[in-house]
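Taking it in order: structure first as C-alpha cells, then the write-up.
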Amino acid sequence: KIQNYYKSIVANGLLSILSDESLCNIRVMIIQALVSTLSNPKNATLSYFDRFINKLLKIFETASTAEIKQYIPLYCSLI
C-alpha cells in the first residue's frame with residue numbers, strides 16, 4: 001500500500017534526525033512526529049517502530065526528569 005511506503009520514508013528520515021545529537025533541542029518535536037507517523041504500525045513500518053522504541057529507551061537513560069515527563073505521555077500513546 002502506498003501509504004505505508006510514505007510512512008516508511010518519513011519514519012526513516014525522522015529516525016535519522018533523532019539520531020543527530022546536535023538537534024537535541026528539537027527532540028520533542030521529532031518524537032511527536034514519529035509517534036504520529038508510527039502509531040498503529042503495519043508490517044511495512046514495524047522495523048521503524050522497533051528502531052524508534054529502542055532509540056527512545058536509550059534517550060530515557062540520559063534524559064533529565066523534565067525531559068522524561070515530556071516523553072512518557074508520547075511513549076504511552078504508542079503502547
Side-chain angles (χ1 to χ4, degrees):
K1 205 172 181 184
I2 193 76
Q3 184 180 18
N4 289 331
Y5 175 73
Y6 291 141
K7 283 185 177 186
S8 296
I9 290 173
V10 170
N12 190 45
L14 289 170
L15 285 166
S16 294
I17 295 168
L18 187 61
S19 295
D20 187 343
E21 294 298 322
S22 68
L23 298 173
C24 65
N25 57 327
I26 60 169
R27 186 175 282 160
V28 173
M29 289 184 288
I30 298 166
I31 291 172
Q32 288 171 336
L34 279 161
V35 166
S36 176
T37 303
L38 296 173
S39 62
N40 194 16
K42 304 293 183 208
N43 284 341
T45 58
L46 279 177
S47 64
Y48 298 102
F49 182 84
D50 289 343
R51 283 177 46 202
F52 173 52
I53 294 300
N54 285 333
K55 179 65 178 170
L56 191 56
L57 293 175
K58 287 179 185 175
I59 289 170
F60 282 171
E61 291 175 356
T62 59
S64 68
T65 303
E67 290 171 322
I68 291 174
K69 286 181 180 180
Q70 291 179 311
Y71 302 149
I72 291 291
L74 297 169
Y75 176 74
C76 289
S77 70
L78 288 171
I79 53 174

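Counting from 1, the numbers follow the sequence of the chain as shown.
- Taking each heavy atom of Ala44 and Ser8 in turn, the nearest pair found is O-OG, 3.4 Å.
- Considering CG of Asp20 and CD1 of Ile30, their distance stands at 8.0 Å, rounded to 0.5 Å.
- Legend: ring-ring contact (aromatic ring centres under 6.0 Å, His included) pairs involving residues 12-59, not counting sequence neighbours: none detected.
- Nearest heavy atom pair, residue Asn25 against residue Ser22, reads OD1-O, 4.0 Å.
- Annotation for Tyr6: hydrophobic cluster partners, listed by chain and number, are Ile2, Tyr5, Ile9 (ILVMFWY side-chain heavy atoms under 4.5 Å, direct or chained).
- The shortest heavy-atom contact between Ala11 and Leu34 is O-CD2, 3.9 Å.
- Hydrophobic clustering (ILVMFWY, side-chain heavy atoms < 4.5 Å, transitive): Ile53 and Leu46 are in distinct clusters.
- Under the salt bridge (charged side-chain N to carboxylate O under 4.0 Å, His left out) criterion, no residue pair touches residues 70-79, with sequence neighbours excluded.
- In terms of heavy atoms, Leu14 sits closest to Ala33 at CD1-CB, 3.7 Å.
- Between atom CG of residue Leu56 and atom CZ of residue Arg27 there is a gap of 9.5 Å, rounded to the nearest 0.5 Å.
- Applying the salt bridge (Lys or Arg N to Asp or Glu O under 4.0 Å) rule to Lys55 yields the partners Glu21; only residues at least two apart in sequence or on another chain are considered.
- Atom CD1 of Ile59 is separated from atom OG of Ser19 by 8.0 Å, given to the nearest 0.5 angstrom.
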Per-pair distances, 0.1 Å, donor-acceptor, side chain in residues 66-79, under 3.5 Å, sequence neighbours excluded:
| unit_1 | atom_1 | unit_2 | atom_2 | d |
| --- | --- | --- | --- | --- |
| Glu67 | OE1 | Ser64 | N | 2.8 |
| Glu67 | OE1 | Ser64 | OG | 3.4 |
| Ser77 | OG | Leu74 | O | 2.7 |

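- Among residues at least two apart or in separate chains, there is no ring-ring contact (aromatic ring centres under 6.0 Å, His included) pair with a member in residues 8-35.
- The environment of Asn54 atom CG is dense: over 12 non-hydrogen atoms of other residues, nucleotides or ligands sit within 6.0 angstrom.
- Rounding to the nearest 0.5 Å gives a distance of 12.0 Å between OG1 of Thr45 and CZ of Arg51.
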